[in-house]
Enquirer: 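This structure is in structure tokens; I'll ask about it shortly.
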Protein chains: 2
Amino acid sequence: MQEKVAQLLKKNQMSVTASRTKILELFLASQGALAHADIERLTNGFDRVTIYRTLQTFVDKGLVHTIPTADNSVRYALCKDECSQGHHHDDHVHFMCDDCGNTYCLDHIHVPAVHLPQGFVVKQTDVVVSGICSNCTLR
Amino acid sequence: MQEKVAQLLKKNQMSVTASRTKILELFLASQGALAHADIERLTNGFDRVTIYRTLQTFVDKGLVHTIPTADNSVRYALCKDECSQGHHHDDHVHFMCDDCGNTYCLDHIHVPAVHLPQGFVVKQTDVVVSGICSNCTLR
DNA sequence: CTGGCTTTGCAACCAAGTTGCAAAGGTTTT
DNA sequence: AAAACCTTTGCAACTTGGTTGCAAAGCCAG
Ligand SMILES: [Mn+2]
Ligand SMILES: [Mn+2]
Ligand SMILES: [Zn+2]
Ligand SMILES: [Zn+2]
């Protein structure tokens, strides 16, 4: 496992360090998205600045993407393989559960094409849905 | 004009004060959404705390709504008449221009219904599109 | 006009995120 | 295996956006 994580870092052109390894492991083990605070809680000892910089590096390298949330908090989730340095292709719907607070990437739900009036050029469409997730309805 | 603004405040059950009047006038005069910083710049003398509290009151009373943005900045725009205290119905698409930075409510573009897997309960769907607005393509 | 409730301004506080820099760590070369 | 070189980390200090408590000022119904 550690080795797989190291390979993944190298594949994305990052040197293998303790914080990157640990934080990437957290993403691989997590079902949903992670916020800076989650990572600070789940690790012990890494400086918060290091966590900020690690997350930014992961975004830059195309390993994770940020998720726009209705409450303007910043969350991060693993990208699919198609993403790479400077080219993100995370065109899926995001879901935020009002009950458990988790945020999920609905990878197989593609964002619908929205048709805008004459003159508007669409570059990116973000869809964030909130409600109750499937875990929470089952209880 | 001042009088119309005062009426609008009263209709939404707010007392008429200088800051509320001025800030509401700004919204009525503005094409797009306003951020806290815009209001601070366009007014002179109101304490920033007053502006925060005024905006929050407007949201609470159903006069303006906040707009989820891809860059996690907070913007506010006037609601349509249907919104009221505790019941917002701003189910339209929002557009953010990468060029001029303006944010617009596309009131007549309704958010599409997204179909989610079994077990998910949808409460709200936010769609925010970014690209180039019609003003900026014309230049 | 008066009195009671609401709003404002100020100061202090808090949380999230950024920056500069020296020390420590990873990687490549020899 | 060590040296040299470049990258990353931790710390402290700072910035920005937002909140809170409270006394003074302002609104508005009676
Ligand atoms: Mn995602
Ligand atoms: Mn709107
Ligand atoms: Zn849930
Ligand atoms: Zn524009």
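Note that the structure is predicted; figures quoted are calculated from it, not measured. Reminder, nothing fancy here: chain letters follow the sequence lines and each chain counts from 1.
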Enquirer: Taking atom C1' of D/dT9 as reference, at what distance in whole Å does atom CD of A/Gln56 sit?
Expert: 17 Å
Enquirer: Keeping the roles fixed (side chain from B/Arg20, backbone from B/Ser15), state whether a donor-acceptor pair exists under 3.5 Å.
Expert: yes
Enquirer: Closest approach to the side chain of B/Val49, judged atom by atom: which nucleotide of C/dC10, C/dT8, D/dG17 is it?
Expert: C/dC10
Enquirer: Whether A/Ser19 contacts D/dT9 is assessed here as follows: a side-chain N or O lying under 4.0 Å from the phosphate OP1 or OP2. Is that the case?
Expert: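 Answer yes for this pair, as a side-chain N or O of A/Ser19 is under 4.0 Å from OP1 or OP2.
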Enquirer: Going by the angle between their ring planes, with limits at 30° and 60°, are B/Tyr52 and B/His36 parallel, tilted or perpendicular?
Expert: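 B/Tyr52 and B/His36: parallel rings.
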Enquirer: Between P on C/dA23 and CG on A/Asp47, what's the gap in Å once rounded to a whole number?
Expert: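 Interatomic distance, CG of A/Asp47 to P of C/dA23: 17 Å.
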Enquirer: May I have the distance from A/His36 (atom NE2) to C/dT18 (atom P), rounded to whole angstrom?
Expert: 10 Å
Enquirer: When you measure from the side chain of A/Thr137 to the backbone N and O of B/Gly119, does any donor-acceptor pair fall under 3.5 Å?
Expert: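 Yes.
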Enquirer: Mapping B/Lys10 and B/Ala37 onto DNA chain D by nearest heavy atom, which one lands closer to the 5' end?
Expert: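 The answer here is B/Ala37.
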Enquirer: Do any side-chain nitrogens or oxygens of A/Ser15 fall under 4.0 Å of OP1 or OP2 in D/dT8?
Expert: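 For D/dT8, OP1/OP2 do have a side-chain N/O of A/Ser15 under 4.0 Å.
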Enquirer: In whole Å, I'd like the distance from the CE atom of B/Met14 to the P atom of D/dG26.
Expert: 21 Å
Enquirer: With a 4.0 Å cut-off on heavy atoms, is B/Arg20 in touch with a base, just the backbone sugar-phosphate, or nothing at all?
Expert: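 Touches sugar-phosphate only.
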Enquirer: Using a heavy-atom cut-off of 4.0 Å across all strands, would you classify B/Thr57 as base, sugar-phosphate, or nothing?
Expert: nothing
Enquirer: Is it the case that the side chain of A/Ser30 and the backbone of A/Leu26 share a donor-acceptor pair, with hydrogens and angles ignored and the cut-off at 3.5 Å?
Expert: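 Checked: no pair found.
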Enquirer: Measure the distance from CD1 on A/Ile39 to P on C/dA16 and round it to the nearest whole Å.
Expert: 14 Å
Enquirer: Ignoring backbone atoms, establish whether B/Thr17 has a side-chain N or O less than 4.0 Å from OP1 or OP2 of C/dT8.
Expert: yes
Enquirer: Looking at A/Arg53 and C/dG17, is any side-chain donor or acceptor paired with a base atom of the opposite kind under 3.5 Å?
Expert: no
Enquirer: Could you check how far CG of B/Leu34 sits from C1' of D/dG17, rounded to whole Å?
Expert: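 Going from B/Leu34 (CG) to D/dG17 (C1'), I get 17 Å.
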Enquirer: Under 6.0 Å between the ring centres of B/Phe95 and A/Phe120?
Expert: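 Between A/Phe120 and B/Phe95, which both carry aromatic rings, the centre distance is below 6.0 Å.
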Enquirer: Can you tell me whether the side chain of A/Arg48 and the base of C/dG17 have a donor-acceptor pair closer than 3.5 Å?
Expert: yes
Enquirer: Distance check needed: D/dG18 P versus A/Asn72 CG, whole Å only.
Expert: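 Rounded to whole Å, this separation is 9 Å.
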Enquirer: May I have the distance from B/Ile51 (atom CD1) to C/dT7 (atom P), rounded to whole angstrom?
Expert: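 Between P of C/dT7 and CD1 of B/Ile51: 17 Å.
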